[in-house]
Amino acid sequence: LVFGVVWLYIMVFLVAVSLRFFQFFVRKMSFVELCGKYKENSGDIKKKLLSFTVFLFYFILPTVSRDIFEVRKCQAFQVEDSNNPKFLSVILTDMSIACDDKNDQYNSLQRVFKVAFILWPILTPIAFLSLLLVVKKTIKRGSPSVLAQASRFLWEDYERHMMFWDVIDTTRKIVLTCFVMFLDPKEGANKIFRLVIGILVSVIYLSVLAISRPYKRFDDLMIAVASNVILIGCFVLGIILNLCGNNMDSDENSAVCV
């Protein structure tokens with residue numbers, strides 16, 4: 001199952017890239033123009049293909065990145081009750097696979113993970129940044145190119161001097177949903193350290209957001225601030241629930257949790 005999910009996302013990436021190459025082929029070979037009656041629609045087709053490709057990458061990136069990191073999400077279980085208990089760490093999404101470098105299945109998953117990690121959480125945000133750098137001049141001139149219009153959802157909600165804000169926001173999402181998995185991968189699912197890091201990242205982002213005010217519309221700014229405050233509250237609640245769950249044997253802590 002885990003293999004299937006990771007390979008599915010790699011295939012989605014390749015399909016999206018294939019669409020981009022198809023658009024390049026249409027433009028260079030003038031395939032649409034050769035069809036005569038579709039000549040006047042060639043620009044629209046190229047624009048729609050490009051828009052769909054960028055749209056696909058943008059909206060599924062956080063979810064894909066999070067699911068890719070499922071192969072890094074391990075939890076340790078005590079397998080022997082004794083004075084010297086032994087623990088077994090397994091992948092939460094497939095508990096038949098031990099998180100052990102000596103396990104062939106686990107090693108195979110990690111190789112697939114490295115490929116998917118480079119394709120999605122690393123290359124895709126870099127592609128967004130490169131795209132915005134390419135269209136930056138046309139946007140500031142007030143005459144967006146076809147490429148800029150196809151990717152307008154990346155920049156149109158922000159002030160021109162803050163047009164790269166969406167890349168920052170996307171990076172934040174990837175950090176909170178993915179990169180925290182690198183922290184204590186064997187037993188991190190049981191610890192609050194990841195939640196603390198999530199709070200720290202969210203507080204820093206919220207502070208920068210409040211100071212920079214990147215949005216054109218004030219209500220968009222308020223929605224962004226409110227969503228981050230709620231997110232911080234969820235992290236704090238997660239810490240409280242974790243502490244309560246680990247200390248229910250203590251009457252004092254139980255009373256506080258109740």
Side-chain angles (χ1 to χ4, degrees), residues 1-3 5-13 16-17 54 56-76 89-94 97 99-101 106-133 154 164-209 212 214 224-225 227-239 241-242:
L1 175 61
V2 179
F3 271 112
V5 170
V6 176
W7 277 115
L8 174 63
Y9 289 135
I10 292 177
M11 292 304 298
V12 171
F13 179 90
V17 173
V54 178
L56 178 66
F57 275 90
Y58 179 80
F59 283 98
I60 69 174
L61 174 61
T63 301
V64 169
S65 300
R66 181 196 63 205
D67 289 346
I68 287 172
F69 272 77
E70 290 295 324
V71 301
R72 302 280 300 183
K73 190 180 295 184
C74 299
Q75 185 167 348
S89 183
V90 296
I91 296 178
L92 284 177
T93 52
D94 190 343
I97 302 177
C99 297
D100 188 346
D101 293 336
Y106 181 75
N107 288 331
S108 298
L109 274 177
Q110 297 312 304
R111 287 192 291 269
V112 176
F113 164 78
K114 290 176 182 178
V115 175
F117 176 76
I118 293 173
L119 291 179
W120 283 103
I122 298 296
L123 290 184
T124 304
I126 293 176
F128 290 160
L129 178 60
S130 302
L131 179 61
L132 289 173
L133 287 173
L154 288 174
F164 295 98
W165 185 262
D166 212 290
V167 177
I168 298 175
D169 189 40
T170 300
T171 303
R172 174 189 66 91
K173 295 174 184 176
I174 294 175
V175 169
L176 293 178
T177 59
C178 306
F179 287 110
V180 292
M181 296 298 176
F182 284 119
L183 303 175
D184 195 5
K186 296 296 177 71
E187 299 183 20
N190 296 329
K191 306 294 179 63
I192 64 173
F193 182 57
R194 292 177 181 175
L195 294 171
V196 173
I197 295 299
I199 292 175
L200 181 62
V201 171
S202 298
V203 169
I204 293 174
Y205 176 82
L206 181 59
S207 301
V208 175
L209 177 66
S212 60
V225 170
S227 63
N228 277 275
V229 171
I230 294 172
L231 181 61
I232 293 172
C234 290
F235 286 141
V236 172
L237 181 60
I239 292 177
L241 292 175
N242 190 286

Out of curiosity, I174 CD1 to F117 CZ, how far, rounded to the nearest 0.5 Å?
9.0 Å
With rounding to the nearest 0.5 angstrom, report the CG to CG distance, L200 to L195.
12.5 Å
Check I122 against I118 and note the closest heavy-atom contact, atom names and distance.
CB-O, 3.5 Å
Are the side chains of W165 and V208 in touch, meaning some heavy atoms are under 4.5 Å apart?
yes
Quick one: pull up CD1 in I192 and CD1 in I199 and give me the separation to the nearest 0.5 Å.
8.5 Å
Pairwise side-chain contact, V180 with V201, heavy-atom cut-off 4.5 Å (strictly under)
no
Compute the ring centroids of F113 and Y106, then answer whether they are less than 6.0 Å apart.
no
When rounded to the nearest 0.5 angstrom, what distance separates CG in L176 from OG1 in T171?
11.0 Å
Measure the shortest side-chain to side-chain distance between N228 and Y205 over non-hydrogen atoms and say whether it is less than 4.5 angstrom.
yes
Heavy-atom side-chain contact between V175 and R172 under 4.5 Å
no
Spacing of OG belonging to S212 relative to CD1 belonging to I168, to within rounding of 0.5 Å:
7.5 Å
Out of curiosity, L241 CG to C234 SG, how far, rounded to the nearest 0.5 Å?
10.5 Å
